[in-house]
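All figures in this text were calculated on a predicted structure; none of them were measured in a lab.
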Amino acid sequence: DGFFTPGSEGEFQDIVDLLLHNDRYLTLADYKAYIAAQDEVSTTYNNTAKWAEMAIHNIASSGKFSSDRTIAEYAREIWGMEPNYEKLPDPHHVDGKETLTE
């Protein structure tokens with residue numbers, strides 16, 4: 001309809017037709033479900049108590065991050081070494097003195 005290209009209404013018509021009539025990658029296959037889910041997210045976000053409850057449950061259920069496991073596996077399987085879990089020194093303290101200045 002030219003919303004994104006004022007004065008050139010048909011500029012993206014080929015892409016629109018392809019996505020609406022020959023979408024072999026199913027780009028829009030679940031679009032209606034996506035919009036419905038996003039509407040539910042928006043409604044829930046407006047209920048701050050419910051949103052906070054869900055956020056806390058999500059954080060509490062997250063467990064160990066999968067990236068930690070993936071990095072450890074990569075170190076073992078690709079590099080043949082055990083990952084080091086030693087805590088790095090605080091970059092803002094050198095020899096027990098704070099290095100930040102304001």
Side-chain donor-acceptor pairs under 3.5 Å in residues 30-43, sequence neighbours left out?
from: Ser42; atom 1: OG; to: Gln38; atom 2: O; distance (Å): 3.1
from: Thr43; atom 1: OG1; to: Asp39; atom 2: O; distance (Å): 3.0

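Partners of Thr48 according to the side chain to side chain contact (heavy atoms under 4.5 Å, CB included) rule, which considers only residues two or more places apart in sequence or in another chain, do not exist here. Here Leu20 pairs with Val16, Leu28 under the side chain to side chain contact (heavy atoms under 4.5 Å, CB included) rule; sequence neighbours left out. Residues satisfying the side chain to side chain donor-acceptor pair (under 3.5 Å) criterion with Glu73, sequence neighbours excluded, are Arg69. Scanning for side chain to side chain contact (heavy atoms under 4.5 Å, CB included) contacts around Ile56 gives an empty result, with sequence neighbours left out.
Within the structure, side chain to side chain donor-acceptor pair (under 3.5 Å) pairs that include any residue of residues 7-19 comprise Gln13-Asp17 (at least two apart or interchain). For residues 78-89, every residue pair satisfying the salt bridge (charged side-chain N to carboxylate O under 4.0 Å, His left out) rule, not counting sequence neighbours, is listed here: Arg76-Glu82.
The line from CG of Asn58 to CH2 of Trp51 is 9.5 Å long, rounded to the nearest 0.5 Å.
By the 4.5 Å side-chain criterion applied to Ile, Leu, Val, Met, Phe, Trp and Tyr, Leu18 is assigned to no cluster and stands alone. Under a 4.5 Å side-chain heavy-atom cut-off, the cluster of Ile, Leu, Val, Met, Phe, Trp and Tyr residues that includes Phe3 is completed by Phe4. In this structure, Tyr74 belongs to a hydrophobic cluster whose other members, linked by side-chain heavy atoms under 4.5 Å apart, are Ile78, Trp79, Met81.
In terms of hydrophobic clustering, with Ile, Leu, Val, Met, Phe, Trp and Tyr side chains grouped at heavy-atom distances under 4.5 Å, Phe12 and Leu19 are assigned to a common cluster.
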